[in-house]
Amino acid sequence: MVTSTKHNRQDVIQKATDLFWEKGFHATSMRNLQEAIDMRPGSIYASFGSKEGLFKETLQYYANESLARLKSFEDAHESPLDALREFLTSVVISQTQKPSNMCMLVKTISELTADNAGLLAEAQQLLAKVEAGFAELFAKAQANGELDSSKDPGRLASLLQMQVMGLRAYARANEGSEADIKTLTDDAFTSLL
């Protein structure tokens with residue numbers, strides 16, 4: 001398979017993202033990758049440099065997709081707080097349709113050690129970038145008068161990130177109804193404010 005066109009490369013990265021997200025970095029073998037993305041190992045190395053190089057691109061792809069999703073909620077809502085609330089609900093409830101119930105970045109941070117320091121740092125940096133997107137929306141809510149100006153948008157973003165992680169794990173451990181999970185996400189979001 002040739003990855004010279006952007007479309008083909010994006011397709012390969014998307015398929016590899018799903019595989020790495022499901023299995024994790026270490027459990028994904030070159031054979032798994034070869035089957036999932038329909039490329040021979042030599043082509044993978046020629047296109048991405050290494051398994052690590054491909055994995056790094058999948059992390060970036062995942063983070064960019066998350067930020068695009070956040071932006072789509074912002075565009076669909078006049079209220080930044082409504083956008084954040086709907087994003088939280090969406091990522092928690094839609095997790096059952098994804099390769100893993102955990103955020104790929106969080107899963108990566110949980111899996112990797114100092115042996116993969118570069119990839120670990122990349123996942124941490126990308127997770128911080130998503131959190132910065134939350135902070136930006138909290139700041140916009142303050143500017144709109146929806147949120148008390150004494151609240152720290154960065155701190156609220158950290159708390160929201162923590163809630164996303166916890167709610168996704170909780171939903172996985174407790175197979176409640178979608179309505180139950182939505183109520184929990186609403187309660188968690190309201191507790192921030």
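We're numbering straight along the sequence, starting at 1. Nothing here was measured: the structure is a model prediction, and the numbers come from that model.
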Q) Short question: side chain of S191, backbone of A188 - any donor-acceptor pair under 3.5 Å? A) yes

Q) Is Y170 close to M165 at the side-chain level, that is, under 4.5 Å between some pair of heavy atoms? A) no

Q: Might you work through the side-chain contact (heavy atoms from CB on, under 4.5 Å) test for F134 and F87, ending with a clear yes or no?
A: CA-CA 10 Å; F134 297 161; F87 177 85; 3.5 Å; yes

Q.
Under a plain distance cut-off of 3.5 Å, with no hydrogens placed, do T108 and Q124 share a side-chain donor-acceptor pair?
A. no

Q.
Between K151 and L193 (side chain of the first, backbone of the second, donor and acceptor by atom type, cut-off under 3.5 Å), is there such a pair?
A. yes

Q: Evaluate the criterion side-chain contact (heavy atoms from CB on, under 4.5 Å) for residue pair M39 and L33; output intermediate values, then yes/no.
A: CA-CA 8 Å; M39 289 176 74; L33 281 169; over 6 Å; no

Q) Given F189 and T89, is the side-chain contact (heavy atoms from CB on, under 4.5 Å) satisfied, shown in steps? A) CA-CA 9 Å; F189 190 80; T89 300; over 6 Å; no

Q | Nearest-0.5 Å distance, CD of residue E52 to CG of residue N116 | A | 6.5 Å

Q. With side chains defined as the heavy atoms from C-beta onward, is the minimum distance between L88 and V92 less than 4.5 Å?
A. yes

Q. Do L67 and K71 have side chains that get closer than 4.5 Å, going by heavy atoms?
A. no

(Q) Distance check, rounded to the nearest 0.5 Å: E178 atom CD versus T185 atom OG1? (A) 10.0 Å

Q: If the plane angle is over 60° it's perpendicular, under 30° parallel, otherwise tilted; pick one for Y62 and W21.
A: perpendicular

Q: Indicate yes or no for a side-chain donor-acceptor contact from Q142 to the backbone of P153 under 3.5 Å, with no hydrogens or angles considered.
A: no

Q | Salt bridge flag under 4.0 Å for residues E65 and R69 | A | no

Q.
Taking atom NZ as the centre, does K182 end up with more than 12 heavy-atom neighbours from other residues, nucleotides or ligands that are less than 6.0 angstrom away?
A. yes

Q.
Between Q161 (side chain only) and L127 (backbone N and O only), is there a donor and an acceptor less than 3.5 Å apart?
A. yes

Q. Can you check side-chain contact (heavy atoms from CB on, under 4.5 Å) on I181 and N174, steps first, answer last?
A. CA-CA 9 Å; I181 300 299; N174 299 282; over 6 Å; no

Q) Is the closest side-chain heavy-atom distance between S110 and M102 below 4.5 Å? A) yes

Q. Would you say the side chain of H77 lies within less than 4.5 Å of the side chain of R85, judging by non-hydrogen atoms?
A. no

Q) When rounded to the nearest 0.5 angstrom, what is the spacing between CG in D115 and CG in L120? A) 10.5 Å

Q) Could you state the interatomic distance from CD1 (I37) to CG (D18), rounded to the nearest 0.5 Å? A) 12.0 Å

Q) Got a donor-acceptor contact below 3.5 angstrom from the N144 side chain to the E146 backbone? A) no

Q: Would you mind checking if R9 and E57 are paired as a salt bridge, meaning a charged N to carboxylate O distance below 4.0 Å?
A: yes

**Q.** A123 to I109 - nearest heavy-atom pair and separation
**A.** CB-CG1, 3.8 Å

Q: Quick one: closest heavy-atom pair of P41 and Q34, and the distance?
A: CD-OE1, 3.3 Å

(Q) Test your reading of the model: is there a side-chain donor-acceptor pair from K51 to the backbone of F25, 3.5 Å cut-off? (A) yes

(Q) Tell me if a side-chain donor or acceptor on K107 pairs with a main-chain N or O of F20 at a distance below 3.5 Å. (A) no

Q. Can you name the closest pair of heavy atoms from L19 and T28 and give their distance?
A. CD2-CG2, 3.5 Å

Q: Kindly write out the residues that satisfy side chain to side chain donor-acceptor pair (under 3.5 Å) with S29, not counting sequence neighbours, or none if the list is empty.
A: N32

Q: Kindly give the heavy-atom pair with the smallest separation between T58 and I13, and that separation in Å.
A: CG2-O, 3.8 Å

Q | Distance-minimising heavy-atom pair for K15 and A36 | A | CD-O, 3.5 Å

Q: Name all residues meeting the ring pair (Phe, Tyr, Trp, His ring centres under 6.0 Å) criterion together with F138; count only those two or more places apart in sequence or in a different chain, and write none if there are none.
A: none

Q. Between E122, K129, Q125, which is the residue that forms a side chain to side chain donor-acceptor pair (under 3.5 Å) with Q60?
A. E122

(Q) Is the shortest side-chain heavy-atom distance between L137 and L70 below 4.5 Å? (A) yes

Q: With sequence neighbours excluded, tell me which residues meet side chain to side chain donor-acceptor pair (under 3.5 Å) with E131.
A: S158

Q) Does a side-chain heavy-atom distance below 4.5 Å link L156 with L147? A) yes

